[in-house]
Enquirer: 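Just dropping this structure here.
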Amino acid sequence: MDSPSETSNTPAAPIVDDMIRLNWTRNSVYNTIISSEDNEIMYEVSTPNVFSITKRLTTVTRLDKSSGRRVFAGEIAWKALQMQTEVRVGWQNCEWILAREWLKNPKGISTAKTFTATQGTQYRWKFRNLKYHLTSPDDPPEGRNPSLAIFDCPFLKGLRPAHLEVSSSVLHSLDYILVALLVMEKNRRD
């Protein structure tokens, strides 16, 4: 019988089995297309004035396959000071909110950020092993929560395109998940 490998002291987080891969055309938080391999899921991230300090507004739209129309998913108003960045997510009655009030850090010094998505569902993005992992915000008594999504973006440009693997169980909250991820990744890069 083979002995278990001892390559890491930290056990890998369990992963949900039904992951869908979403590929990014560019490793950019400002301008990219995010789509599944079968193009059933498609988002566009667009920032017309990427170099403007005062008018940098990123819009995230989703392609509605049934109508062929782009549907508003969210917006990020980037500010010179990260603390002033605002977001709005959702397609109905969405209001601007400070990103730091929506993406909360419940444990103080942790890199994890918790946010609320559709129907009050809470999620947590955590940077672990050079990737972002989306989990439930509650820590289990033992081990780790399964990763509901994993974002892999190479640190060095040109190595390979970024991609997000997401469980089909959270697709109903994908607009919120993507907007939160864009804010987290932009802050990490800064």
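Position 1 is the first residue of the sequence, and the numbers go up from there.
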Enquirer: Taking side chain as C-beta onward, heavy atoms only, is Thr58 less than 4.5 Å from Val29?
Expert: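 Side chain of Thr58 against side chain of Val29, heavy atoms only: no contact under 4.5 Å found.
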Enquirer: Honestly curious: do Leu171 and Trp24 fall in one hydrophobic cluster under the side-chain, below-4.5 Å linking rule?
Expert: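 Yes; tracing contacts between hydrophobic side chains, which count when under 4.5 Å, links both residues.
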Enquirer: Heavy atoms only: give me the nearest Glu185-Cys153 pair and the separation to one decimal.
Expert: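 Taking every non-hydrogen atom into account, OE2-SG, 3.9 Å.
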Enquirer: Can you see which heavy atom on Ala73 is nearest to which on Val89, and at what distance?
Expert: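 Shortest heavy-atom separation between Ala73 and Val89 comes out as O-CG1, 3.5 Å.
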Enquirer: Do Val60 and Asp175 come close enough that some side-chain heavy atom pair is under 4.5 Å?
Expert: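 No, their side chains stay 4.5 Å or more apart.
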Enquirer: What closest approach, in Å, do Asp18 and Ser167 show between heavy atoms, and which atom pair accounts for it?
Expert: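 Distance-wise, the nearest heavy atoms are OD1-OG, 3.1 Å.
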Enquirer: Determine whether Asn145 and Arg124 satisfy the following criterion, side-chain contact (heavy atoms from CB on, under 4.5 Å), listing intermediate values before the conclusion.
Expert: CA-CA 10 Å; Asn145 283 324; Arg124 176 176 55 191; 4.0 Å; yes
Enquirer: Which heavy-atom pair separates Leu103 from Ala180 by the least distance, and what is that distance?
Expert: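 Scanning both residues completely, I find the closest heavy atoms to be CD2-CB, 3.7 Å.
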Enquirer: Examine distances only and state if a side-chain atom of Trp102 and a backbone atom of Thr116 form a donor-acceptor pair shorter than 3.5 Å.
Expert: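 At least one qualifying donor-acceptor pair exists.
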Enquirer: Any chain of hydrophobic side-chain contacts (each under 4.5 Å) joining Val166 to Leu63?
Expert: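 No, no single cluster joins them.
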Enquirer: Is there a chain of hydrophobic side chains (I, L, V, M, F, W, Y, each step under 4.5 Å between heavy atoms) that links Val179 to Ile33?
Expert: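 Val179 does not cluster with Ile33.
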Enquirer: Lys65 side chain to Met42 main-chain N or O, any donor-acceptor pair under 3.5 Å?
Expert: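 Not at all, since once roles are kept as given, no pair shorter than 3.5 Å links the two residues.
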Enquirer: Roughly how far apart are Ile20 CD1 and Glu40 CD, rounded to 0.5 Å?
Expert: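 Going from the CD1 atom of Ile20 to the CD atom of Glu40 covers 10.0 Å.
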Enquirer: Drop me the distance from Glu44's CD to Asn31's CG, to the nearest 0.5 angstrom.
Expert: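 Rounded to the nearest 0.5 Å, the CD-CG separation comes to 8.0 Å.
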Enquirer: Would you mind reporting whether Arg21 and Met19 have side-chain heavy atoms less than 4.5 Å apart?
Expert: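 Sidechains of Arg21 and Met19: no contact.
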Enquirer: Work out which heavy atom in Ser147 is nearest to a heavy atom in Arg128; give both atom names and the distance.
Expert: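 In terms of heavy atoms, the two residues are closest at OG-NH2, 3.8 Å.
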Enquirer: Would you mind reporting whether Asn49 and Leu57 have side-chain heavy atoms less than 4.5 Å apart?
Expert: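 Leu57 vs Asn49: side chains apart.
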Enquirer: If you measure only the distance, is there a donor-acceptor pair under 3.5 Å linking the side chains of Ser46 and Thr59?
Expert: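 Result is no, nothing qualifies.
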Enquirer: To the nearest 0.5 Å, tell me how far Arg56 CZ sits from Thr47 OG1.
Expert: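 The CZ atom of Arg56 sits 8.5 Å away from the OG1 atom of Thr47.
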Enquirer: State whether the side chain of Thr32 and the backbone N or O of Thr25 hold a donor-acceptor pair below 3.5 Å, judged by distance alone.
Expert: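 A pair under 3.5 Å: yes.
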Enquirer: Rounded to the nearest 0.5 Å, how far apart are CH2 of Trp78 and CG of Asn187?
Expert: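 If I round to the nearest 0.5 Å, the distance is 6.5 Å.
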Enquirer: Please confirm whether the backbone N or O of Ser66 pairs with a side-chain atom of Asp64, one donor and one acceptor, at under 3.5 Å?
Expert: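 Between the backbone of Ser66 and the side chain of Asp64 there is a qualifying donor-acceptor contact (under 3.5 Å).
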Enquirer: For Tyr176, does its backbone N or O pair with a side-chain atom of Ser173 as donor and acceptor, under 3.5 Å?
Expert: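 Here the side-chain-to-backbone pair does not exist.
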Enquirer: For atom CZ of Arg70, decide whether the heavy atoms of other residues, nucleotides or ligands shown that lie under 6.0 angstrom number more than 12.
Expert: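 Check fails, neighbour count at 12 or below.
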Enquirer: State the CG-NZ distance between Leu134 and Lys126, to the nearest 0.5 angstrom.
Expert: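 One finds 13.0 Å between CG of Leu134 and NZ of Lys126.
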Enquirer: Begin from the C-alpha positions of Leu164 and Ile34 and carry the test side-chain contact (heavy atoms from CB on, under 4.5 Å) through to its verdict.
Expert: CA-CA 9 Å; Leu164 173 68; Ile34 303 168; 5.7 Å; no
Enquirer: With side chains defined as the heavy atoms from C-beta onward, is the minimum distance between Leu174 and Tyr43 less than 4.5 Å?
Expert: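 Counting from C-beta outward, Leu174 and Tyr43 do come under 4.5 Å.
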Enquirer: Any donor-acceptor pair under 3.5 Å linking the side chain of Ser36 with the backbone of Ile41?
Expert: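 Pair found, side chain donor or acceptor close to backbone of Ile41.
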Enquirer: Side-chain contact test, heavy atoms from C-beta onward, threshold under 4.5 Å: evaluate it for Leu148 versus Ser169 and give yes or no.
Expert: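 Yes - at least one pair of side-chain heavy atoms lies under 4.5 Å apart.
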Enquirer: To the nearest 0.5 angstrom, please state how far the OG1 atom of Thr114 sits from the NZ atom of Lys104.
Expert: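 Output value for this atom pair is 9.0 Å.
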Enquirer: Which heavy atom of Tyr132 sits nearest to which heavy atom of Arg188, and what is that distance?
Expert: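 Between these two residues, the closest heavy atoms are OH-CB, 3.4 Å.
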Enquirer: Check for a donor-acceptor pair, side chain of Tyr123 on one end and backbone N or O of Val170 on the other, with a separation under 3.5 Å.
Expert: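 It does not hold such a pair.
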